[in-house]
Participant: 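Here it is, the structure in full.
Numbered from 1 within each chain, the chains take letters A, B, ... in sequence-line order.
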Number of protein chains: 2
Amino acid sequence: MKKSAVFDLAILGLLQESPLHGYELRKRLSALMGAFRAISYGSLYPALRALAEAGYISETGDKTAPGPALSSKRARITYSLTKLGANYLKELLQDSGPDAWEDEGFGVRFAFFAHTEEVVRQRILEGRRSRLAERSSQLKKSLANARDRIDQYTLELHRHGLEGVENELRWIEGLIAAENKTQRTGS
Amino acid sequence: MKKSAVFDLAILGLLQESPLHGYELRKRLSALMGAFRAISYGSLYPALRALAEAGYISETGDKTAPGPALSSKRARITYSLTKLGANYLKELLQDSGPDAWEDEGFGVRFAFFAHTEEVVRQRILEGRRSRLAERSSQLKKSLANARDRIDQYTLELHRHGLEGVENELRWIEGLIAAENKTQRTGS
DNA sequence: GTTAGCATGTAAGGAGTTACATGATTTT
DNA sequence: AAAATCATGTAACTCCTTACATGCTAAC
C-alpha cells in the first residue's frame, strides 16, 4: 500500500472499465493524463508485470481472429482486473490525503471521480483548493516583493504563472459549488 | 554540450547576476521555477561540484563576518561564474531548438530572455506557439471524439486542460506581437 | 535552553526514459 | 515491396528525491 500508487491507480482504473492489452492501455493512459505525458513502454510493461505478480490483474493471451492455432503468432496479452485488484482499487480511491490533491496525483484522481465516494471527492477538492490558494498567495507576495528588482521577462513569467493558478482555483471553486448542489438535491 | 542543460542553465544564469552560495542559490532557483518545484540539496550540491570541476564556476570560501581566523568555522562557499562559464552560458542561450520550447525548459529560457538575442527569442516563442497549437488541436479532436462515450468528470478534466493550453497560447501570441513591435521601433 | 533557520554535504534508491531488439499486420 | 503502425519486451542509464549526518547562528 506504498509506492507510486498514482500509476497503479491509473492502470487499474482503466482496466476496471474494460480489459485491455498493453499497447491500447498506453494510449488511453496518455489521453487520460491530458495528451501531454505519453508514458513509455519501458515503464508500462514492468508495471503490468508487477501488478500481475501481486494478483491485482490477470494476463490472458488472446488470439483475436482465430487463425491457425500456431504458437508462431505473437499473441496480444490482455489484462483484466481481478477481484483482488478491484478491492485494491477501491482502497486507493478511498485515499483523500495529500497524494490525491498534489499536482502529480490530482488529475488521475479527478478522472475517476465517478467511482469515488462523495465525501472523498469533497475532501480532495478542498485539499486542492487550499493548496492552490497557498500557492497563489506565495506568488502574490513574491510578485509584490520583486516588482522593481526583477527584470521584465521574469516578472511577466511570474505574472502569467499566477494567472494560471488563479484560473485553476476558480475552476476548483466552481466544482466544489457544483458538488454541494448535487449533494443537496440528492443527485 | 550535452546532458541536462536546463539545470546548468538556471544555475549559471543566476550566478551571472551575482555570486551566491548554495543555500541562497536554491531559494532563487525555486523562485525562478515558479514557487513550485523546490529543488533539493541532494541535487544542487553535486551539480555545483560538477560545474566547478568543469571550470564553469569557481568556489571561494568566505568567512563573512571576519571572526577568529579558525578553520573550525564551517565556511560558506560562494560560487561565481568564470569566464569559461560565461562563454558556456552564452552558448546555452543561443540554443533555439526544441529543448528551449518544451515544457521542461521553456520557463527557464524565458526567464533569461533579457540576456538572449532577439532572433533566438523569436524562434523560441514561435516554437512554443506551434507546440501549444498542436496540443490544443489534439485536445479538441479528442474532446469532439469522446463527447458521449466518456464520463462527465473526465470530460470536464479535458475541457479544463484545453482551456489552460489556449490560455497560454494567447499569452505567447501576445508576447510575439510585443516582440515584433519593439523590434520595429528599435527598442 | 530550545526551536527555527542557515549552511553543506553523502548514500541509497525511486521513478521513469532511451535505445535497443523483435516481429506481425495494415496501408500505400 | 516499402512504410507505417500494431505489439511486446529488456538493459542501461539519467535525473532527481529521501533520509541521513553535521554543525552554526539567531530568535523566543
Side-chain angles (χ1 to χ4, degrees), chain A residues 1-11 19-30 33 36-53 57 59-79 98-99 102-105 108, chain B residues 2-11 19-30 33 36-53 57 59-68 70-79 98-99 102-105 108:
Chain A
M1 219 199 295
K2 286 210 163 196
K3 283 227 298 183
S4 163
V6 57
F7 216 72
D8 291 358
L9 175 63
I11 293 172
L20 294 168
H21 56 272
Y23 192 85
E24 178 65 22
L25 193 51
R26 188 216 185 205
K27 286 197 299 186
R28 307 254 180 133
L29 235 29
S30 301
M33 312 296 195
F36 38 101
R37 195 124 307 184
I39 104 126
S40 70
Y41 296 121
S43 241
L44 177 60
Y45 286 113
L48 285 171
R49 183 62 50 91
L51 284 170
E53 260 158 37
I57 60 180
E59 307 173 330
T60 55
D62 93 289
K63 281 99 176 166
T64 325
L70 279 161
S71 60
S72 71
K73 189 173 198 176
R74 172 105 100 157
R76 296 193 303 178
I77 298 170
T78 299
Y79 297 92
D99 281 355
E102 289 299 327
D103 290 341
E104 328 83 54
V108 176
Chain B
K2 284 212 163 194
K3 282 228 300 185
S4 162
V6 58
F7 216 69
D8 291 359
L9 174 64
I11 292 171
L20 294 168
H21 55 271
Y23 192 85
E24 178 65 22
L25 192 52
R26 188 216 186 205
K27 285 197 300 185
R28 307 255 181 129
L29 235 29
S30 302
M33 312 293 195
F36 38 98
R37 194 125 307 186
I39 105 123
S40 71
Y41 296 121
S43 241
L44 177 60
Y45 285 113
L48 285 170
R49 185 61 51 92
L51 284 170
E53 260 160 36
I57 61 180
E59 308 173 330
T60 54
D62 92 288
K63 280 97 177 171
T64 326
L70 280 160
S71 60
S72 71
K73 190 173 197 175
R74 171 103 99 156
R76 297 193 304 180
I77 298 170
T78 300
Y79 296 92
D99 282 354
E102 289 299 326
D103 290 341
E104 327 84 54
V108 175

Participant: Between the two ends of the helix from dG1(C)-dC28(D) to dT28(C)-dA1(D), what is the bend in degrees, rounded to 10 degrees, where each end axis spans five pairs?
Facilitator: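 Here the local axes at opposite ends form an angle of 40°.
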Participant: Do the side-chain N or O atoms of Tyr23(A) get closer than 4.0 angstrom to the phosphate oxygens (OP1, OP2) of dC6(D)?
Facilitator: yes
Participant: Looking at residues at least two apart in the chain, or sitting in another chain, which of them share a salt bridge (Lys or Arg N to Asp or Glu O under 4.0 Å) with Arg26(A)?
Facilitator: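 With neighbours one apart ignored, the set is empty.
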Participant: Identify, with sequence neighbours excluded, every residue that meets side chain to side chain donor-acceptor pair (under 3.5 Å) alongside Glu102(A).
Facilitator: Arg131(A)
Participant: Please state whether the phosphate of dG9(C), meaning OP1 or OP2, lies under 4.0 angstrom from any side-chain nitrogen or oxygen of Tyr41(B).
Facilitator: no
Participant: Glu102(A) CD to dT17(D) P: how many Å, rounded?
Facilitator: 14 Å
Participant: Return the 5'-most residue of the pair Lys27(B), Gly42(B) with respect to DNA chain C, ranking by each residue's nearest nucleotide.
Facilitator: Lys27(B)
Participant: Of the options dG9(D), dC6(D), dA7(C), whose atoms approach the side-chain atoms of His21(B) most closely?
Facilitator: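 Closest nucleotide among those given: dA7(C).
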Participant: Report the nucleotide, chosen from dT18(D), dG9(C), dT8(D), that has the shortest atom-to-atom distance to any side-chain atom of Ser40(B).
Facilitator: dT18(D)
Participant: Taking atom C1' of dG16(C) as reference, at what distance in whole Å does atom CG of Leu29(A) sit?
Facilitator: 13 Å
Participant: Round to the nearest Å and state the distance from Ile77(A) atom CD1 to dC6(D) atom P.
Facilitator: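 After rounding, the reported distance stands at 18 Å.
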Participant: Send over the distance from Leu48(B) CG to dG9(C) P, rounded to a whole Å.
Facilitator: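 Going from Leu48(B) (CG) to dG9(C) (P), I get 9 Å.
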Participant: Among the nucleotides dT10(C), dA7(D), dA7(C), which one has an atom lying closest to any side-chain atom of Arg76(B)?
Facilitator: dA7(C)
Participant: How would you list, by chain and number, every residue that makes a side chain to side chain contact (heavy atoms under 4.5 Å, CB included) with Ser43(B), sequence neighbours excluded?
Facilitator: Phe7(B), Ile39(B), Ser40(B)
Participant: Could you give the CZ-to-C1' distance, from Arg28(A) to dA7(D), as a whole number of Å?
Facilitator: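 Rounding to the nearest Å, CZ of Arg28(A) and C1' of dA7(D) are 16 Å apart.
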Participant: Round to a whole Å and report the spacing from CZ of Arg26(A) to C1' of dG9(D).
Facilitator: 14 Å
Participant: Hey, does the side chain of Arg49(B) come within less than 4.0 Å of dG9(C)'s phosphate (OP1/OP2), counting only N and O?
Facilitator: yes
Participant: Could you report the tightest heavy-atom contact between Val6(B) and Gly105(B), atom names first, then the distance?
Facilitator: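 Heavy-atom minimum between the residues: CG2-CA, 4.0 Å.
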Participant: Measure CG/Asp99(A) against C1'/dA15(C) and give the value in whole Å, please.
Facilitator: 14 Å
Participant: What are the two closest heavy atoms between Ala38(B) and Ser30(B), and how far apart are they?
Facilitator: CA-OG, 3.4 Å
Participant: Any heavy-atom pair between the side chains of Ile77(A) and Glu59(A) that's under 4.5 Å?
Facilitator: yes
Participant: When you check the phosphate oxygens OP1 and OP2 of dG16(C), does a side-chain N or O of Ser43(A) lie under 4.0 Å from one of them?
Facilitator: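 No, no such contact exists.
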Participant: Run the salt bridge (Lys or Arg N to Asp or Glu O under 4.0 Å) test against Glu104(B) and tell me which residues pass, sequence neighbours left out.
Facilitator: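 Glu104(B) satisfies salt bridge (Lys or Arg N to Asp or Glu O under 4.0 Å) with no other residue.
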Participant: Rounded off to whole Å, could you give me the CD-to-C1' distance for the Glu24(A) and dT8(D) pair?
Facilitator: 15 Å
